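Before any comments, here is the structure.
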Amino acid sequence: TMSALTNILIDDAYTAERFGCELVGLEGTQAYHDMPPVSGTFDEDSVLPFADARAFDRQGASISEAAIVWERNGGVLITSDALQHYVDWRFFSWPSVLVHRIMGFGAGTIVGPMWHRFLVANETEARKTFEMLLDLPFTHALGLHGGFVEGNAKAAISAAISREMAKGRRCLIGSVE
C-alpha cells in the first residue's frame, strides 16, 4: 500500500479510491463528510516511509498541515495545500482555469488562497510558522498541487508568503485560538 501523508479533505477521497492508498494524517486529524478514515498518524518525530525525510508540522491553521523536507539534492520541501506552484495552465480545461482564477490562484509559487481563507485562523501564528518553515534546509520545493520549483525555492516561497499575507484575508470559519 502506498501512503499519502495528508489531511482528510475533499481530494483525499479521490486519492484513496484512485490509487488504493492508505491515508496517514497528523495527530488529531479528523475526517470530514464521507471521507475515508485515517489509518495512522505521524508527527515530527515519526519515521517516514522514505529515507532522509522528516516531517514539519505547521501550526497556525485551524487544521494542521504537514510539510516534509526530503534531505537530498540540497533539500526538497514537499507541501500540500498551503504552498503551491503552478507552472502553466495547459492541462486545465478552460472552465477550470476560470474557476481557479476567480478563487485567487495564479501562475508561479503561491500560498494556496483557499487554504488561507478557510484554514488560517491566526495570521500572526501562520507568519511565524512560515518563517520557521523557511529556516528548514531546502533548495527545491514540490507542492502536491502544481509543479516542481527547481532551485531558489526559498526566495519564491518567501515572496509568495509576503504577497499573500499583505492581502489581509480573514479566516472564513472562525478563530480556533
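The structure presented is a predicted model; accordingly, all values stated were derived computationally and were not measured.
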Inset, instruction - Provide the full list of side-chain hydrogen bond (donor to acceptor under 3.5 Å, both in side chains) pairs with a residue in residues 146-163, sequence neighbours left out, each pair given once. - result: none
Legend entry - Qualifying salt bridge (Lys or Arg N to Asp or Glu O under 4.0 Å) pairs, either residue in residues 100-109, two or more places apart: none
Inset, instruction - Identify the heavy atoms of V111 and A160 that sit nearest to each other, and give their distance. - result: CG2-O, 3.8 Å
Legend entry - Between CG on residue L48 and CD1 on residue I78, distance to nearest 0.5 Å: 9.0 Å
Legend entry - CG on L133 to CZ on F138, rounded to 0.5 Å: 5.5 Å
Legend entry - Residues in side-chain hydrogen bond (donor to acceptor under 3.5 Å, both in side chains) contact with R127, at least two apart in sequence or another chain: none
Inset, instruction - Can you measure from CG (L77) to CD1 (I68) and round to the nearest 0.5 angstrom? - result: 9.5 Å
Inset, instruction - Report yes or no: does T79 contribute a side-chain atom to a donor-acceptor pair with the main-chain N or O of A82 at less than 3.5 Å? - result: no
Inset, instruction - Find out whether Y86 and H145 are in side-chain contact, i.e. whether some heavy atom of one side chain is under 4.5 Å from a heavy atom of the other. - result: yes
Inset, instruction - Could you tell me which non-hydrogen atom of E71 sits nearest to which non-hydrogen atom of P137, and how far apart they are? - result: OE2-CG, 4.3 Å
Inset, instruction - Indicate yes or no: at least one non-hydrogen side-chain atom of F130 is less than 4.5 angstrom from one of I157. - result: no
Inset, instruction - Give a yes or no on whether the backbone of L142 and the side-chain of H85 come within a donor-acceptor separation of less than 3.5 Å. - result: no
